[in-house]
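Quick notes on the structure that follows.
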Amino acid sequence: MKNFDIPSYYRSSITGRVKELRKQTDPRKQDFTPATMDFGPVQFHIARHFGFCYGVENAIEISYKALEENPDKNVYLLSQMIHNQEVNNDLVSRGIKFIMDTDGTQFIPWEQLKPEDIVIVPAFGTTLEIEEKLKTIGIEVQRYNTTCPFVEKVWKRSAKLGEDSHTIIIHGKHNHEETRATFSHSSKNAPSVIVKNMAETEFLCDVIKGKKTHEDFFQYFKGKYSDGFDPSKDLKRVGVVNQTTMLATETQAIADFVKQTMQAVYGEAELKNHFADTRDTLCYATNDNQDATYALLEENADIAIVVGGYNSSNTSHIVELCERKYPTYFINSPNEIIGEKLINHYDYPNHKHITTDSWLPKKSPTKIVLTSGASCPDTLVDQVLLKILTYFEGAKSVESVMAEFENQ
Ligand code: SF4
């Protein structure tokens with residue numbers, strides 16, 4: 001895979017180095033078992049795959065290049081480049097301005113933009129409507145377009161399904177930038193509707209089976225279906241694509257449920273005329289991160305720490321998996337750790353920021369699962385590890401533990 005030129009302060013000499021050494025001994029990622037960093041009174045189980053993915057490194061490289069090449073111009077990002085506060089803040093401190101928030105709320109009106117301004121398209125891609133708006137202003141959209149190739153792959157898949165007269169069911173979060181972009185692209189080729197989870201899929205399938213009315217559909221999926229959508233003819237032949245960062249098992253369950261519904265309505269012999277049996281459109285990083293997380297669940301750890309942006313979709317799914325087994329702390333920076341007694345963290349199921357007392361178990365050795373999302377710099381994971389180490393008297397030095405790894 002391509003090596004990107006990203007600022008050195010995002011490169012890590014501890015967890016990133018461990019990951020690098022694993023890559024050297026297992027380049028084809030056959031082994032997803034975590035690496036154990038044994039400091040004596042505390043052990044960290046480091047996921048086999050975590051941190052910056054291809055699309056994020058590509059976006060970071062292009063964004064810093066845009067700043068370097070245009071010192072005298074206004075440099076804008078359409079919205080957060082990736083869902084990581086640290087990276088976005090660093091770009092802002094270097095002069096980048098955001099045109100809108102992640103949910104589409106405008107910070108800078110379009111009228112303020114000039115043809116000579118630079119606009120960076122984030123890794124999630126953007127909608128055809130926004131692309132058109134920028135072109136009308138005279139801005140060269142493709143110059144600093146960081147849309148991830150794995151997102152573009154989803155757009156191509158929906159275009160193909162649309163050419164074959166399928167309606168596109170998008171499994172994704174309807175207010176996430178990537179899903180908004182995918183919806184815009186797929187709506188150009190075919191009727192499209194977004195489902196967030198199994199409950200929404202069940203509702204949609206009830207419409208297909210005639211158990212719910214078309215009025216129910218319009219009300220329930222308000223803002224999530226394409227213009228001119230006609231449930232009486234647009235739910236007869238369907239295909240499923242998904243946001244690249246969804247939970248693999250959930251997408252599979254959704255596709256299977258839609259397939260079973262089509263089979264129940266049209267019969268086995270007619271199924272292929274009503275359901276496109278394609279693979280999910282998750283990206284390699286999502287798959288690898290989730291596989292590595294399943295391997296973390298095989299450990300007998302005491303707690304899990306997941307580092308990443310609170311609005312990061314792929315990170316939230318890693319949290320969801322870890323919570324199946326461990327008390328899990330989802331933090332966006334080491335500053336969330338107030339001390340060995342208190343920790344601030346994001347309660348993902350309830351979508352709120354909370355503080356937990358006595359979070360660090362008092363036992364020896366304490367075993368901690370440590371991982372991060374695809375938009376989190378490894379240096380942040382290092383800082384979390386280093387901070388936790390200060391709470392363990394008699395812990396071995398990082399240098400000696402790293403030397404053990406280097407000599408393996
Ligand atoms: S998570 Fe996947 S789709 Fe998203 S930027 Fe990374 S590689 Fe691309």
Side-chain angles (χ1 to χ4, degrees), residues 1-6 10 16 19 23 29 47-65 77-88 91 102 120-127 144-159 170-186 194 240-251 279-293 306-321 332 371-378 380-381:
M1 203 173 275
K2 189 179 164 191
N3 283 325
F4 292 97
D5 182 15
I6 64 169
Y10 291 135
K19 188 165 57 175
K23 209 195 266 175
K29 269 188 229 149
R48 171 68 176 88
H49 196 272
F50 63 95
F52 281 175
C53 57
Y54 179 98
V56 165
E57 292 211 355
N58 179 47
I60 291 179
E61 180 183 273
I62 295 174
S63 302
Y64 283 88
K65 196 162 105 196
L77 254 162
L78 269 180
S79 64
Q80 290 190 1
M81 181 186 55
I82 53 172
H83 286 155
N84 187 281
Q85 211 48 44
E86 300 281 323
V87 178
N88 289 319
L91 287 166
T102 43
I120 305 168
V121 177
F124 315 110
T126 193
T127 64
Y144 296 107
N145 182 355
T146 81
T147 307
C148 179
F150 294 99
V151 174
E152 285 174 337
K153 210 169 129 192
V154 185
W155 301 349
K156 282 187 196 130
R157 172 78 64 81
S158 11
I170 304 165
H171 173 215
K173 298 168 184 171
H174 75 281
N175 51 0
H176 188 285
E177 289 104 315
E178 183 193 315
T179 295
R180 291 206 305 267
T182 295
F183 178 70
S184 160
H185 282 259
S186 76
I194 304 169
V240 179
V241 299
N242 51 356
Q243 190 180 317
T244 55
T245 50
M246 300 308 274
L247 198 57
T249 47
E250 190 181 40
T251 293
R279 288 196 53 197
D280 66 47
T281 50
L282 298 168
C283 72
Y284 86 95
T286 297
N287 278 316
D288 285 355
N289 280 348
Q290 290 177 14
D291 287 347
T293 309
V306 184
V307 193
Y310 297 147
N311 54 352
S312 160
S313 171
N314 78 85
T315 316
S316 70
H317 295 307
I318 297 173
V319 171
E320 222 173 306
L321 294 179
N332 63 5
T371 186
S372 74
S375 46
C376 178
D378 293 346
L380 267 189
V381 182

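Along the sequence shown, the residues carry numbers beginning at 1. Counting starts at 1 for both ligands and their atoms, in listed order.
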Exercise for review: Number the atoms of ligand 1 from 1 as they appear, then name those within less than 4.0 Å of a heavy atom of C283, with their elements.
Suggested key: 1 (S), 2 (Fe), 3 (S), 7 (S)
Revision key, fill the gap. One finds that the ligand 1 atoms under 4.0 Å from a non-hydrogen atom of C53 are 1 (S), 5 (S), 6 (Fe), 7 (S)
Practice item. Mark yes when over 12 heavy atoms from residues, nucleotides or ligands other than K29 sit less than 6.0 Å from its NZ; otherwise mark no. Key: yes
Review point. In terms of side-chain heavy atoms, does S313 have a donor or acceptor partner in H176 at a distance below 3.5 Å?
Key: no
Check your understanding: Under 3.5 Å, is there a donor-acceptor pair linking the side chains of Q290 and H317?
Key -> no
Point to revise | Any side-chain donor near an acceptor of the partner, S158 and S186, under 3.5 Å | key: no
**Study point:** Which of the ligand 1 atoms, numbered from 1, are nearer than 4.0 Å to a heavy atom of F150
**Key:** 3 (S), 7 (S)
Practice item. Could you list the atoms of ligand 1 found under 4.0 angstrom from a heavy atom of C148? Key: 3 (S), 5 (S), 7 (S), 8 (Fe)
Review point. With a cut-off of under 6.0 Å to the ring centre and 45° to the axis, is K19 in cation-pi contact with F50?
Key: yes
Point to revise | Ligand-side contact atoms (ligand 1) for residue partner G55, heavy atom cut-off under 4.0 Å | key: 5 (S), 7 (S), 8 (Fe)
Practice item. Could you tell me which atoms of ligand 1, counted from 1 in the order shown, lie closer than 4.0 angstrom to a heavy atom of T244? Key: 3 (S), 4 (Fe)
